[in-house]
S.K.: 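Next up is a structure, given as structure tokens.
Quick note on labels: first sequence line is chain A, next is B, and so on, each numbered from 1. Quick caveat, the model's predicted, so the values are computed rather than measured.
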2 protein chains.
Amino acid sequence: MPDNIHTKYLLGEADIPKSWYNIVADMPNPPAPPLHPATKQPVSPGDLAPLFPQALIAQEVSGERQIEIPDPIRQIYTQWRPSPLYRARRLEKVLDTPARIYYKYEGVSPVGSHKLNTAVAQAFYNKEEGVKKLSTETGAGQWGSALALAGSYFNLDVEVFMVKISYQQKPYRKNLMQTYGATVHASPTDLTDAGRSILASDPDSAGSLGLAISEAVEVAGKSGGSIKYALGSVLNHVLLHQTVIGQEAMLQMQQADDYPDVVIGCVGGGSNMAGLAFPFIGATLRGGPKTRFLAVEPSSCPTLTRGLYAYDYGDVVGATPLMRMHTLGHDFMPPSIHAGGLRYHGMSPLISQLYNEGHIEARAYPQNPVFAAAVTFARAEGIVPAPETGHAVRAAIDEALAAREAGEERVILFNLSGHGNFDMAAYDAYFAGRLQDHEHPEQEIAAAQSRLPVVK
Amino acid sequence: MPDNIHTKYLLGEADIPKSWYNIVADMPNPPAPPLHPATKQPVSPGDLAPLFPQALIAQEVSGERQIEIPDPIRQIYTQWRPSPLYRARRLEKVLDTPARIYYKYEGVSPVGSHKLNTAVAQAFYNKEEGVKKLSTETGAGQWGSALALAGSYFNLDVEVFMVKISYQQKPYRKNLMQTYGATVHASPTDLTDAGRSILASDPDSAGSLGLAISEAVEVAGKSGGSIKYALGSVLNHVLLHQTVIGQEAMLQMQQADDYPDVVIGCVGGGSNMAGLAFPFIGATLRGGPKTRFLAVEPSSCPTLTRGLYAYDYGDVVGATPLMRMHTLGHDFMPPSIHAGGLRYHGMSPLISQLYNEGHIEARAYPQNPVFAAAVTFARAEGIVPAPETGHAVRAAIDEALAAREAGEERVILFNLSGHGNFDMAAYDAYFAGRLQDHEHPEQEIAAAQSRLPVVK
């Protein structure tokens, strides 16, 4: 191939990162500590022991810049890592833009998204410490299917509380988890106190990520130690595991002899955005290029753009530690959009702090323009984005169009965090004109935020 | 990684084959010519001109060993090629077998199967010759979605006749084709004489590949030249385009310092089996290793294992040239199994001849054991096979178990031709016990074969 039409940048097995990158080491201010939900005092590692293995608790509170990736995890990573970085030349042509658009494609993992990067790590550490079973929640099912497969790799049972609206909208994801051998419930269930309390007040509840977390945490907490809990985003150690994405992308941008002006990711809990962006943000924080970082969320669940930066629970019933984060309020119930993975009231504390301190920008989109962008992308590049990922695609296209308006070159890098193969019903609904766009009235968001916990 | 636990064998962009391999050059006997459906005389290239562009007709009848791949096609191939070759170490462990199992994974293409290898080539040559629109048929939808995307890449309209049972069973595949911008009909339709004639006798017809071909051929034939027809398997030029698979696999087996004792592929029309196996068969025919070649089909549509080797039409109504092939009879209507891509009454003439001359073995499986094998594979290797591909997985597992019984090392290579992301409803039906296994009574097959055309 002539050099000037390269579209794919590949690395070798030896280029899979040997350590995860911990952005805490480079942040201007230390992270605010999580607080115990009862005492409102900083949690100790011991407080987290009923839920997580020691190795993950240590990573959660670590300030080390580099944390070594154990060989058995890297060995499994070789199945799909290093993932390819693409130059979207056909999309650039369709958009008639002077911008250069790159995307890191995490849909090459066998479950079709970035979630397997942390699922494998979490399953490994739990297995090492003798755990037999994991409980978790899932929205659209990307995380649940990743943990189901990781459990199968490490011979761990997996029990998944899947948000009911996604359970109904995305039967293929449920089938995938079952194919991997996991047990899947539509949340809210009558298996937990949390689920029963919601069903008592709203028998038709469509569920939410925050509620499914309550159920999964309760199952682990009441197990007496035989079941641990696993979370697919939000927490520091989860974001840490995803930084393999950005570390590889830095090498691949070098191959392309280019560097991003703007790095884009969709955000629900924040893990795919963090995975791609943190290594680049670290470079900027250490005095490197003045890259822009853009987090993209649904306008129906506008955590960064309209949420408060405050201590709040990670779940609906208040069973988790309080985290300082951008939040719409822990009992905020987002509408039933198809990007189920973005229906979370809160946001990763690390992303929230970086946003609050001005290192990250945020933007919100309704779902119809998101799907329009995803279809444009699919016809040009062949890959059908997951509805969540479509938010990043929309922002990348808008940045490219803005570059055209401004008549300037702009280097855009975004995370194509997952494919939409299991989400085609959402595309069907889009083409049929059945998707609604939501904008929340001010008083609705204010009401949920008025119920934030009081922290002195 | 330590050398002894390699699981993935990758090639560089420069290793994408520069030519397709034409097995005709190495076959002991020349292929039997296709016959005109009216005159029963060998067709001339001119007879095929209403349906295909000149470049593809030339490839269809070529005896050259190597046919150069044009640069624009190789450029598009770089998006997903070279595809990875994996050693299935986790599966080997689960099976406790001394066999070494390798699989070539074609699901990395953006449409999730090998079909894009030929779709891109066919779209390219049609575009070069000024064609504006392509008509085609599809069973499960792998081929239809591949041609839909290739059409989008080359700015060609695509009209797909999708077998009705698959249209109903696999809505996600239909949605995928629509996302790429194609028009999709459930076949039989009332848009063609062929469709109307079937609907008149059976308004509830579930359709068949042979019938959908009749419809697509009719649309092209009556267009006066503005629409050409594209076929996803069976024909020589289609199999030719797939040989990039096997050529890459040969290099990757060298990387692994190994060579297959048996090469396995599922067969509907024969293209993925041919794509992997033909370069290896060519090596054997030229005096190389005595590799076994195993074609795997559904027992509900047992073309090789129970069909006749005879001249027959490629479609239901007899609009196509007669091809000498293994056939169940052109109006054979297979049951509605989930491996829609294997529901074809005939078989590639090249595969048929190699089978008839003893160079290829064949085996048939009912669908429940196929899905059992596919689930075993998914839990060990993470990738959920398409139902069609599950047939190859079943055979590979059985070969590995036979090696264990015999206490012998055996090197098994199979084509994981596509993933099952769009087919999860089939897995759901399998787990729910809703899948039926079919074995055709002798007289049913004999009846369809009694209606074979008479050729002197």
S.K.: Can you find a pair of side-chain heavy atoms, one from A/Glu13 and one from B/Leu10, that are under 4.5 Å apart?
M.R.: no
S.K.: Within a 6.0 Å radius of atom CD on A/Glu68, are there more than 12 heavy atoms belonging to other residues, nucleotides or ligands?
M.R.: no
S.K.: For the NZ atom of A/Lys8 and the CZ atom of B/Arg81, what is their distance to the nearest 0.5 Å?
M.R.: 9.0 Å
S.K.: Take B/Val108 and A/Val108 through the test side-chain contact (heavy atoms from CB on, under 4.5 Å) and record every step on the way to the result.
M.R.: CA-CA 7 Å; B/Val108 292; A/Val108 292; 5.8 Å; no
S.K.: Kindly compute the distance separating CZ (A/Phe422) from CG (B/Asn421), expressed to the nearest 0.5 Å.
M.R.: 3.5 Å
S.K.: Go through the side-chain N and O atoms of B/Gln79 and A/Arg90 and say whether any donor and acceptor fall under 3.5 Å apart.
M.R.: yes
S.K.: Could you look at B/Tyr180 and say if it's the side chain, the backbone, both or neither that has a heavy atom under 4.5 Å from chain A?
M.R.: both
S.K.: For a quick test of reading the model, state the closest non-hydrogen atom pair linking B/Arg379 to A/Ser152 and the distance between them.
M.R.: O-OG, 2.7 Å
S.K.: With rounding to the nearest 0.5 Å, note down the distance linking CH2 in A/Trp80 to OH in B/Tyr105.
M.R.: 13.0 Å
S.K.: Between atom CG of A/Leu176 and atom CG of B/Asp428, what is the distance when rounded to the nearest 0.5 Å?
M.R.: 12.0 Å
S.K.: For B/Tyr430 and A/Thr179, what are the C-alpha separation, side-chain angles and deciding distance, and is it a side-chain contact (heavy atoms from CB on, under 4.5 Å)?
M.R.: CA-CA 10 Å; B/Tyr430 166 69; A/Thr179 299; over 6 Å; no
S.K.: Which atoms of B/Leu149 are under 4.5 Å from chain A, going by heavy atoms: the side chain, the backbone, both sets, or neither?
M.R.: side chain
S.K.: Can you say whether A/Tyr172 sits under 4.5 Å from chain B via the side chain, the backbone, both, or neither, judging by heavy atoms?
M.R.: both
S.K.: Against chain B, label A/Ala380 side chain, backbone, both or neither, depending on which of its atoms sit under 4.5 Å from a heavy atom there.
M.R.: backbone
S.K.: For B/Tyr427, is it the side chain, the backbone, both or neither that has a heavy atom under 4.5 Å from a heavy atom of chain A?
M.R.: side chain
